[in-house]
Amino acid sequence: MVVAKQKKKATNGAAASAKPEKKIAVQKKVIAKKVDAIVPVAPKKVVKVVKKKQQAETPKKTKKAAKPNDEEDEEEELPEDLKDFKKAASAGKLFDSDDDMGDEEEDDDEIGIKEGPLGSDDEDDEDDIDMDDDFGSDEDEDDDEGEDSEEDEEGLPIEKKTKKLDKKMAKIAAEGEEELQLNITGADRFELPTVEEVEEEIQTAPNLTSMKQRIQDVIQVLGDFKNRRQEGKSRSDYIEVLTKDLCSYYGYNEYLMNKFQQIFPAGAELLEFLEANDQPRPVTIRTNTLKTRRGELAKSLINRGMNVDPAAKWTKVGLVVYDTQVPVGATPEYLAGHYMIQGLCSLLPVMALAPQPGERVLDMAAAPGGKTSHVAALMKNSGVLFANDPSKERCTAVIGNLHRLGVNCSIVSSLDGREYAKIMPQGFDRILLDAPCSGTGVIWKDQSVKTSRDSQDVQKRHTLQRELILSAIDALDANSPTGGYLVYSTCSVLVEENEAVVNYALQKRHCKLVPTGLDIGVEGFTKFREYRFHPTLSLTRRYYPHVHNIDGFFVAKIKKMSNTKNPKPEQAGDKKEGETDETDDKKKKQKKEKKNGKKGEKTKKNGGEAMEVDGEEGGEKKDDDSTTASKQRSLKKKKNADKNQRKGEVAREDDGFNTKGEVRYEPKQKFKHKKVNRRLLARTSAKAMKKKRRKVMTKGYSGATTSD
Ligand SMILES: C[S@@+](CC[C@H](N)C(=O)[O-])C[C@H]1O[C@@H](n2cnc3c(N)ncnc32)[C@H](O)[C@@H]1O
């Protein structure tokens, strides 16, 4: 553009200084200027074609050599070129290549428009400088324009030609612009390949760049689906292609990718999460306050050549290690037990548990003992701390760490956590259940998680977690003067292992969620897809690597309300979408009916679930003799009510997740609004009012008569 401008100046400058004998030469330059002027709007290819043609037809010469003698030739030549240009442009041949959008080489070509009759780049540069020098500065330009218009008025044939040419050029430019816009919108519109095509590409020649591009394109379309969708393609078509690409680009199986897509329905956030899963978290350590203080520890580590800093505002014991000249796990301070190497997220559940000195505390799944030793530090090495893990091998790590860190209030056991409810019911003031989980929050540590987790696997963990959480609640003492708290945590981001487990516990035991007291984290889900958890699930906290720069994590704090096993019925959030208080009332009514029915049955069978199934038969037998229609009707009603309720229970028995561990799909209820004929309604209500009034009047009148 600078060059073009300089040329313009040069052209105008020429007009100013070389009258009249140089007029033709000036006009030629004006024409050249017009050609240049359309360059920015005409597609590169167009320019290239014109220039190439010019090059082909005009012997290449320097500007100096091209001066007066060629004037006539060029005058004739330019309109011809332009004809070709127009033809080519209107035939649409100039835009159909991808190259039109240009790569760097093409950009060079664009600069190369300076080539051709007017000479090479280098020459141009020189010329530009010369021209400036010869023909004056910007200020001269205005004057030149004035002279141009004077010349217009004179109406030389060449001027007429120029004007004609101007019009032509404007038309061509407009056409070019139009076509360019068409091409741009065409290029913008992303064409969705079929899943089969994508699969084939992935299997035969996976191209990470095009895959990434497609991922971004699809996410863009999904973000503005109404406007960007391809006709005939549904949202699920796009999602299917996106899932395939995401799986192969990031290396996940489809099961896990679907789960993540459900958690992060916004594509951009999903990408951030997936990217973060491939990034290592910072190395962090926890100061063991049983032996030292953070400031002292930091000083000694800095002296050893470690670059450390306080890890975050919310912790007084965490340090982040930026770089180190010595292995973090082999310093004298480490061996002396002044710190534990721990991810920052590991501090969160212990902070939420807030164990007090002198309490009875259980760490139900303790190995390798990072959190156990933190608990001991907060208990100031007093009270009793049970550190349990069923893996004997992993228990040796617990013992080693507790020794190194100077914990002397602990008992290490190697049991299945589910045993604790039986061997020590109501035996603890506080319990930490850092449950075994899928590890979907710490994928950066173990990439095999990406492909090894499937629905059965998650379902198995979900079941174990539910059993463990109930056992933990049963091992808690609700009447503890200082506690009665359970902290449930996982390094998983899956709802099945987190909210669903806690919600299940709320349904099964008399307990409630309380605030974790943690400053960071996002609220747990109270709604997930079509499922509704208890509203207090918002008190739980979720952590994501892409948001908090710590491992994916979940923390819930539960207070046990009573040592009875029965939960308060309203404790659990088992209300489903579309359910109202009215449905609750109906349920209560059904339960009452059921209970009444059961009373009679109790003489035959013992309580429990089997009894409910048998209840139907029992009920029928009992009422065999009864022949009245009303009794039969009420029996049928009761039977249906029982059946419906059982159906609901079966559906919910897995806490919103079917036996495969997948979210059960239930289409949203569509509410049909009955059309009300307002006139008819008004008429009927008016009639009813009249009737009522008449009734009252007659009553009142007759009443009055009697009383009188
Ligand atoms: C997430 S790790 C615990 C990490 C530990 N809390 C820490 O911070 O060092 C889960 C632990 O649960 C243990 N585990 C597996 N099944 C268990 C069960 N049935 N009862 C109790 N713990 C179990 C595993 O052996 C594993 O050590």
Side-chain angles (χ1 to χ4, degrees), residues 281 284-286 288 315 317-318 329 337 339-353 355 361-378 385-405 407 410-424 428 430-443 445-446 449 453 457-476 486-494 497-498 501 543 550-556:
R281 302 273 88 73
T284 49
I285 58 177
R286 177 182 57 80
N288 178 17
T315 167
V317 290
Y339 63 89
M340 179 85 187
I341 305 169
Q342 273 183 302
L344 273 193
C345 63
S346 293
L347 310 185
L348 297 165
V350 180
M351 287 167 72
L353 187 69
V361 180
L362 165 66
D363 186 352
M364 198 179 248
K371 294 182 189 79
T372 319
S373 56
H374 190 187
V375 171
L378 294 182
L385 172 57
F386 279 69
N388 175 69
D389 202 283
S391 157
K392 285 210 171 82
E393 210 184 314
R394 286 170 69 79
C395 276
T396 51
V398 179
I399 294 165
N401 276 321
L402 295 183
H403 274 305
R404 184 176 62 82
L405 294 156
V407 175
S410 64
I411 294 168
V412 178
S413 66
S414 187
L415 291 167
D416 188 314
R418 289 170 286 194
E419 295 297 312
Y420 265 92
K422 296 173 213 154
I423 59 167
M424 290 189 80
F428 296 96
R430 289 175 206 249
I431 296 178
L432 172 62
L433 173 55
D434 186 31
C437 67
S438 63
T440 45
V442 282
I443 287 175
K445 276 190 199 166
D446 179 8
V449 169
R453 302 298 180 242
D457 179 80
V458 170
Q459 176 61 31
K460 245 168 64 184
R461 287 171 206 275
H462 169 63
T463 306
L464 175 62
Q465 288 155 351
R466 290 188 304 175
E467 288 166 0
L468 284 171
I469 203 170
L470 291 191
S471 169
I473 293 171
D474 293 346
L476 260 185
L486 160 72
V487 166
Y488 175 84
S489 63
T490 69
C491 53
S492 163
V493 295
L494 301 184
E497 298 185 271
N498 297 325
V501 174
Y543 301 89
I550 58 176
D551 294 333
F553 216 77
F554 175 82
V555 180

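Every number for a ligand or one of its atoms is a count from 1 in the order of the listing.
Counting heavy atoms only, D389 comes closest to atom 13 (C) of ligand 1 of the residues D389, D416, L468. Closest heavy-atom approach to atom 17 (C) of ligand 1 within the set C345, S492, P390: this belongs to P390. In this comparison of P436, G417, C491, the heavy atom closest to atom 15 (C) of ligand 1 sits on P436. For atom 6 (N) of ligand 1, the nearest non-hydrogen atom from the set V442, D434, T372 comes from D434.
Numbered from 1 in the order shown, with element, the atoms of ligand 1 that lie under 4.0 Å from a heavy atom of M364 read 21 (C), 22 (N). Of all the atoms in ligand 1, the ones that sit under 4.0 Å from a non-hydrogen atom of G370 are 9 (O). Close approach of ligand 1 to G369 (heavy-atom distance below 4.0 Å) involves ligand atoms 9 (O).
With a heavy-atom cut-off of 4.0 Å, R394 touches ligand 1 through its side chain alone. At a heavy-atom cutoff of 4.0 Å, ligand 1 is contacted by the side chain of L464 but not by its backbone.
A donor-acceptor distance shorter than 3.5 angstrom exists from the side chain of N288 to the backbone of G337, with no hydrogens or angles considered.
Residue, atom and distance of the protein heavy atom nearest to atom 9 (O) of ligand 1 are P368 CD, 3.0 Å. Among all non-hydrogen protein atoms, the one lying nearest atom 7 (C) of ligand 1 is A366 O, 3.6 Å. The nearest protein atom to atom 8 (O) of ligand 1, hydrogens excluded, is given as K371 NZ, 2.8 Å; this is a heavy-atom distance. Closest to atom 2 (S) of ligand 1 among all protein heavy atoms lies A367 O, 4.0 Å. Counting only heavy atoms of the protein, atom 12 (O) of ligand 1 lies nearest to A365 CB, 3.3 Å.
Taking OG1 of T315 as the reference point, atom CZ of R286 lies at 9.5 Å (rounded to 0.5 Å).
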> Where do E497 and S438 land on the side chain to side chain donor-acceptor pair (under 3.5 Å) test, with the steps shown first?
Replying inline: CA-CA 8 Å; E497 298 185 271; S438 63; 2.4 Å; yes
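Judged by the shortest distance from any of its heavy atoms, S346 lies outside the 4.0 Å radius around the atoms of ligand 1.
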